[in-house]
Amino acid sequence: MINKQILEELSAQIATLLPKAEAAGEDAKQLLHSAISKTFERLDLVTREDFDAQRIALQRAQERITQLEEALGKLEKEMEQ
């Protein structure tokens, strides 16, 4: 779901902000990375690419619904005559 590079960068930034974490070295970075990953998994986030793909699909579906509603309206008018 979430880009691993983003998690690693975020973990590295947090580790540099916390002197004790930086002193503890790689173990602290791995611990932070794990904690952040678990948090993001619980949030059920989606990537920007997935979000944009769903937005485009929704727009297409809405356009198709509009077309079908117009066609249905024309058919109803024809049947009334």
Side-chain angles (χ1 to χ4, degrees):
M1 271 187 179
I2 300 298
N3 188 340
K4 285 187 177 184
Q5 182 182 0
I6 293 172
L7 292 175
E8 290 172 6
E9 289 175 5
L10 186 57
S11 297
Q13 289 177 358
I14 291 172
T16 58
L17 293 174
L18 301 171
K20 289 183 180 180
E22 191 171 357
E26 193 62 32
D27 290 339
K29 288 181 183 179
Q30 290 295 346
L31 183 61
L32 285 170
H33 184 281
S34 176
I36 292 169
S37 294
K38 288 178 183 177
T39 301
F40 280 144
E41 285 176 16
R42 280 182 271 164
L43 292 175
D44 196 26
L45 300 174
V46 296
T47 63
R48 181 52 145 176
E49 292 81 17
D50 289 341
F51 177 82
D52 289 340
Q54 289 298 314
R55 184 178 47 82
I56 290 168
L58 182 59
Q59 286 175 340
R60 287 183 186 153
Q62 185 61 48
E63 290 170 3
R64 184 65 179 140
I65 289 169
T66 302
Q67 291 171 352
L68 291 171
E69 287 174 340
E70 290 172 1
L72 181 60
K74 288 179 184 177
L75 288 173
E76 288 174 342
K77 285 183 182 180
E78 287 178 9
M79 290 181 70
E80 288 175 1
Q81 295 176 359

Pair S34, K38 - check side chain to side chain contact (heavy atoms under 4.5 Å, CB included), show working. CA-CA 6 Å; S34 176; K38 288 178 183 177; 3.7 Å; yes

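Distance CG/L75 to CE/M79: 8.0 Å, rounded to 0.5 Å. To the nearest 0.5 angstrom, L68 atom CG is 9.5 Å from E70 atom CD. Within the model, atoms CD1 of I65 and CG of L58 stand 8.0 Å from one another, a figure rounded to the nearest 0.5 Å. Annotation: the span from Q30 atom CD to H33 atom NE2 amounts to 7.0 Å, rounded to 0.5 Å. Distance check, rounded to the nearest 0.5 Å: CG of D52 to CD of Q54 gives 10.5 Å.
Other residues, nucleotides and ligands contribute more than 12 heavy atoms inside 6.0 Å of the CD atom of E9. Crowding of R55 atom CZ: a count of heavy atoms from other residues, nucleotides or ligands under 6.0 Å exceeding 12.
Applying the salt bridge (Lys or Arg N to Asp or Glu O under 4.0 Å) criterion to R64, with sequence neighbours excluded, gives no partner residue.
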